[in-house]
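Beneath this line is the structure, given in structure tokens, with notes to follow.
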Amino acid sequence: MTTSAARSGIRTDVGNTPVLVAAFAICAFVGLDTTMKFLGHALPLEQTVLLRYAVSLPFCLALFIRRPQRPSLASLRANALRAVLVVVLALSFFYSVSVLPLAEAMAIQFLAPFFIAILGRVILKEPLHRRILVGLGIGFAGILVILWGQIGGRHGDRALWGALAALAAALAYALSNVLVRRQSGRDSLPLIVLAQNLGATLLLTVPGAMVWQPVDGRLMMLFVAVALLGTIGQVAMIWALARAQAARLAVLEYTAFLWASLFGYLVFREVPAPTTLAGAAIIVGACLYALRQPKRAA
């Protein structure tokens, strides 16, 4: 545990369990994104995002009741800020996947690890090890390969706004993750998850109500699936962020592309271009390099 982390009550484990848990969370989140892309074709964006968080509340409450905690005033302020970031993240990202193929939107979202590493250094005073920096740089090269092949030839306004929205989502996601790691030393996991979903629901109630359309049973079942995936992913990621440095987990975000390509093909028949596959191979190499534990001197 670093000195600054110890002072703030943040745990830091040296094993690989937090890494594996974070990788599982990312898979759950991509499954959520795939389902939300499908739902976005049937309902307005604001209503879709509202239901994504509102339907999750019963699951979050069930977790919180098992381990209740009275939040302090500082906790309420911190979680309110995160709720705003979550709303910005959700609206931006789900708009981007509505106008871009899932793998392309996810590729732009991969800028988040850079923001996470930098913000982790600025806000949490976490060290930036050379291996992580090199891994992030290699991963960014993979992103450039993907963008060159997938988005380079697109000049439509919707593609441009979709790319900008994905960029905004990456920044909001990075800041939210870093704030979760800082808050995890003060608040319990169930409180953080409940506050995130409740805050987002309250912020989206009016915008969602203004564009409300009827929701049939089939769509509602999909929202339940989204709620389960989101709750599981949040719990797993917050657990991992409470036990591992933000920068170390940041490179795992690159593995989301593999899931996005698979789910995009299975659900929407989106076939990755050769440049996309080449970029993915570079990204995987970056993850393997950055996550390998250096040998300690005897």
Side-chain angles (χ1 to χ4, degrees), residues 1-13 18 21-22 25 29 46 49-93 112 115-126 168-209 227 230-247 249-250:
M1 182 181 291
T2 64
T3 302
S4 58
R7 292 195 188 116
S8 63
I10 298 174
R11 297 175 57 182
T12 302
D13 294 349
V21 171
F29 285 142
E46 298 86 347
V49 180
L50 167 61
L51 287 172
R52 177 258 178 273
Y53 291 106
V55 178
S56 299
L57 285 177
F59 302 105
C60 300
L61 282 170
L63 287 173
F64 182 75
I65 290 172
R66 296 186 60 184
R67 189 183 170 189
Q69 175 189 354
R70 173 181 287 184
S72 64
L73 182 60
S75 174
L76 289 175
R77 286 197 297 263
N79 284 297
L81 173 59
R82 283 201 63 251
V84 173
L85 288 172
V86 166
V87 169
V88 173
L89 160 64
L91 290 175
S92 300
F93 182 72
F115 298 141
I116 290 175
I118 294 170
L119 291 171
R121 174 60 180 171
V122 172
I123 296 175
L124 304 178
K125 309 304 181 185
E126 293 182 346
L171 180 57
Y173 178 78
L175 182 54
S176 176
N177 271 16
V178 172
L179 293 180
V180 161
R181 176 153 170 77
R182 185 175 66 177
Q183 200 63 22
S184 66
R186 304 177 178 91
D187 291 341
S188 67
L189 185 153
L191 174 60
I192 294 174
V193 173
L194 176 62
Q196 173 175 310
N197 285 271
L198 179 59
T201 299
L202 293 175
L203 290 171
L204 289 163
T205 295
V206 173
T231 303
I232 292 170
Q234 287 171 357
V235 169
M237 183 59 74
I238 292 171
W239 187 93
L241 285 167
R243 290 163 173 80
Q245 291 182 356
L249 297 183

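Position 1 is the first residue of the sequence; numbering continues from there. Just so you know, these numbers come straight off a predicted model, no measurement behind them.
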Do R67 and S188 have side-chain atoms, one donor and one acceptor, less than 3.5 Å apart? no
What pair of heavy atoms forms the shortest contact from A240 to P18, and how long is it? CB-O, 3.3 Å
Run the numbers on V180 and M237 for side chain to side chain contact (heavy atoms under 4.5 Å, CB included), then give the verdict. CA-CA 9 Å; V180 161; M237 183 59 74; over 6 Å; no
Does any part of the side chain of L171, heavy atoms only, come nearer than 4.5 Å to the side chain of L175, both counted from C-beta? no
Minimum heavy-atom distance between V49 and A90, given as atom pair plus value: CG1-CB, 3.6 Å
Rounded to the nearest 0.5 Å, the OG1 atom of T205 sits from the OH atom of Y53 at a distance of 13.5 Å
CG of L179 to CG of L119, rounded to nearest 0.5 Å, is 8.5 Å
Approximate separation, where rounding is to 0.5 Å, of R66 CZ and L61 CG: 14.0 Å
Nearest non-hydrogen partners of G233 and A25, listed with the distance: O-CB, 3.4 Å
Are S75 and N79 close enough, and set up right, to give a side chain to side chain donor-acceptor pair (under 3.5 Å), and what steps lead you there? CA-CA 6 Å; S75 174; N79 284 297; 3.1 Å; yes
Would you give the length of the straight line joining atom CG of L189 to atom CD1 of I238, rounded to the nearest 0.5 angstrom? 5.0 Å
Option among V235, L194, L191, I65 that satisfies the side chain to side chain contact (heavy atoms under 4.5 Å, CB included) test with C60: L194
Starting at OG1 of T231, measure out to CG of N197 and round the result to the nearest 0.5 Å. 6.0 Å
Enter the distance from R52:CZ to L204:CG here, rounded to the nearest 0.5 Å. 10.5 Å
N/O donor-acceptor pair under 3.5 Å between S176 side chain and A172 backbone: no
Is there a donor-acceptor pair under 3.5 Å between the side chain of R243 and the backbone N or O of W239? yes
